[in-house]
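Have a look at the structure below, then the notes.
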Amino acid sequence: MSTGPVFFDPGQRVAVLTTQPLDRLLTYRAPEGGCWQGAFVEVPLGPRKVMGVVWGPGEAGFDASKLRAVSRVLDVAPMRTEMAEFLARVGDYTLTPMHQMLRLATRAPGLTDPPSMRKVYRLGSGQAERMTEARVRVIEVLRDYGGLAFTLGELAEMAGVTTSVVKGLVKLGAVREEESPRDLPYPRLDPDAPGKPLTEDQRAAAEALVAGVRSGDYGTTLLRGVTGSGKTEVYMEAVAETLRKGRQALVLLPEIALTAEFLKRVEARFGARPAEWHSGVTMTERRRLWRMVGEGEAPLVVGARSALYLPFRDLGLIVVDEEHDQSYKQEDGVLYSARDMAVMRASVNAARVVLASATPSLESWANAEAGKYARLDLTSRFGEAVLPEMRAIDMRAEDLPGNRWISPTLEAHIRDRMEKGEQSLLFLNRRGYAPVTICRACGHQIACDHCDARMVEHRFLKRLVCHQCGETKPMPEVCPSCEAEGKLAPVGPGVERLAEEVGERFPEARVAVLSSDLFGSARALKAQIELIAQGGADIIIGTQMVAKGHNFPLLTLVGVIDADLGLQGSDLRAAEKTFQLIRQVAGRAGRADKPGLALLQTFQPDHPVIRAILSGDEEGFWRAEAAERQAAGVPPYGRMAGIVISASSAEAAFDLGNALARADQPLRAVGAQLYGPAPAPIARIRGRHRVRLLVKADRAVALQPALRQWVGQFTPKGDTRLSVDIDPQSFY
Ligand code: ADP
Ligand code: ZN
């Protein structure tokens, strides 16, 4: 689909891509009235009707009289050629079949429904004779809003009357009832509304981004700026320019909890709220957004990674905020990196990408070094705020009993902040009360029945929880192995246990715990975050969710409870992730006018990563890390694919793994190396045994065709499943 849309006359053969698990396009006759290439259609398949997209001309050679016709063309904007190309490219890159790509691109409910109507109410021409006070209020609301239409509920609420009052006015002709389409366009945003006056640095960066948008060509820019330097203010100017050009902009955020604050900033800047796309958005709103974005009636979308697959009419800018964040990698279903696919989407759309971060991924840093991405740096915080000072607390020298985690040094600093009325944040990247529960009589550790994982005690929930599969069970009274009574003991800290320690040491402190599992809803979490921002807590205890972009103006001390935690393990990005996470967390301190301090509790203060974090020599860290990866031939300097085979029996999983290893000729032909099969680090999840293989190749190698050929030699049998993860981020 590269030559632009084509029209098919009625009866002409068209090839249709459906969302059904078939490995080919289906041929149909174009319906009465014909259809465009890209049209969303309903087609008969066996006894059913399924959704699909007209992908191109149909295959000749079938008996035309046996061909069935497209049942119906859906009333939504046809898929644009660049969208089709984008889906094909992602499919190619991630080895994902096209029907699955189409699913990803149509994840909105009710697409096959006709555009539904609803009743709205406006001022009528009739005069009501008996005007009660309630009736007058309704008329006043309608007058005040100069001809605007309301739904029944909205109007009644605004006038403070019951719906029957409105209905009564309709009967009298004073209010008019009309049918109106449910999916309304999003409000216009005003790009010329004045923004904040930018500092000189900010202005230079904003001008570079604006020039990029004006060029109308593809280009990616890494916008690197320390936390609080005004990256958001800067890329907002690129959004404004995109809107001025009449194109659409997409801003990706790594966490729903961050959208509320961002929406407010957009509203303050452009005078209205943009469209939102994430798992917390209602089905009705999703449907509206999907349709409107295709008609160009949603100028700005703020969303989670799957917003990349929305059918924008003319996408001109994609911002990936906190681009280093691991949540941009989709870890089930279609395995893709939203950051990388954003670049791909922009390149087919002649659009710009802004990757914003205080601690960029090594991938983006390397791309900027290589000149593939432009790079802009904001080196100082806005206004009075200065970057926090960072220091290590050498835990080998601290006097601390075995079941305590706050060192005397850290404790003294927290006390000092409390006396000054400032906030402290204690960071520990472990949910729950204790990561391990052990029997002191026999040494047994309580594990999940379905996973190769220990269960984590969550005292708040009063249960043990498996962080792999979510299974929970009550804390047993006796050891499940030796049946000793009263011998089960927690080992190690989670945030809940840390909160307990804080409660004992600082009984007068107001403590807030921020951990994703403690909030039933996004709303509750948002309320907690707002409470903290307004000074409603003295000590905040948080998992990694506190590292992400929240603004706590009164926070001046960050204590990292276990800075060594992320350095263990075999993950090739362990150093990078630790560096990013701790720098991000530390960046929460001292955002307003008071200087911040970050203290890292560590048993290895001389570890190169800890030293790099403390020194703040980011360029030095990246260079050293890049050199190591280059020497090892791993991403971003080499290509990598992870293969996970899972089955209900370990034998079946290994059988396929061994067969793949024996048939590695397609890989050898391109000079790729294969490692494994080996049991995965978590060898069983949800009762399924897991086996891993790893493929490594030179950067120059076209790995996907070789992988496709290699994996394509086998069809997993029974309940065996195989997944290929290109550029894997996790290795569990
Ligand atoms: P970053 O995204 O780099 O963390 P933000 O854009 O969130 O930084 O800016 C940090 C804070 O400083 C925000 O409250 C923002 O409104 C404020 N700020 C940044 N630049 C300016 C400016 N030029 N004028 C006024 N306020 C600014
Ligand atoms: Zn489990």
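Just so you know, ligand 1 is whichever comes first in the structure, and atom 1 is the first atom listed for that ligand. Just so you know, these numbers come straight off a predicted model, no measurement behind them.
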Ignoring hydrogens and geometry, is there a side-chain-to-backbone donor-acceptor pair from [X] to [Y] under 3.5 Å?
X    : Y    : answer
E496 : A434 : no
Q423 : I532 : yes
D562 : L565 : yes
E576 : R573 : no

**Message:** Tell me whether the rings of H458 and H467 are parallel (<30°), tilted (30 to 60°) or perpendicular (>60°).
**Reply:**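 Correct class here is perpendicular.
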
Answer with side chain, backbone, both or neither: which part of [X] has a heavy atom less than 4.0 angstrom from an atom of ligand 1?
X    : answer
V234 : neither
A356 : neither
E233 : both

For ligand 1, is there an N or O atom under 3.5 Å from any N or O atom of [X]?
X    : value
L198 : no
G228 : yes
T227 : no

Atom [atom1] of residue position [X] - does it have more than 12 heavy atoms of other residues, nucleotides or ligands inside 6.0 Å?
X    : atom1 : answer
E619 : CD    : yes
K487 : NZ    : no
R440 : CZ    : no
F654 : CZ    : yes

**Message:** A cation-pi test, strictly: NZ or CZ of R305 under 6.0 Å from the centre of the six-membered ring of Y328 and no more than 45 degrees from its axis. Yes or no?
**Reply:**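 Judged by the rule, R305 and Y328 form no cation-pi pair.
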
Going by the atom numbers of ligand 1, which of them fall below 4.0 Å from some non-hydrogen atom of [X]?
X    : answer
G230 : 1 (P), 3 (O), 5 (P), 6 (O), 8 (O), 9 (O), 19 (C)
P197 : 22 (C), 23 (N), 24 (N)
V226 : 3 (O)

**Request:** Output yes if C469 passes the N/O/S-under-2.8 Å test against the Zn ion (ligand 2); output no otherwise.
**Result:**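 Coordinating: yes.
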
**Message:** the Zn ion (ligand 2) and H450: any N/O/S contact shorter than 2.8 Å?
**Reply:**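 Within the cut-off used here (under 2.8 Å), H450 places no N, O or S atom near the Zn ion (ligand 2).
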
**Message:** Given the Zn ion (ligand 2) as the apex, I'd like the angle to SG of C466 and SG of C448, rounded to 10 degrees.
**Reply:**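 It is 110°, given to the nearest 10°.
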
Would you call [X] a ligand 1 contact, heavy-atom distance under 4.0 Å?
X    : answer
L378 : no
R265 : yes
G225 : no

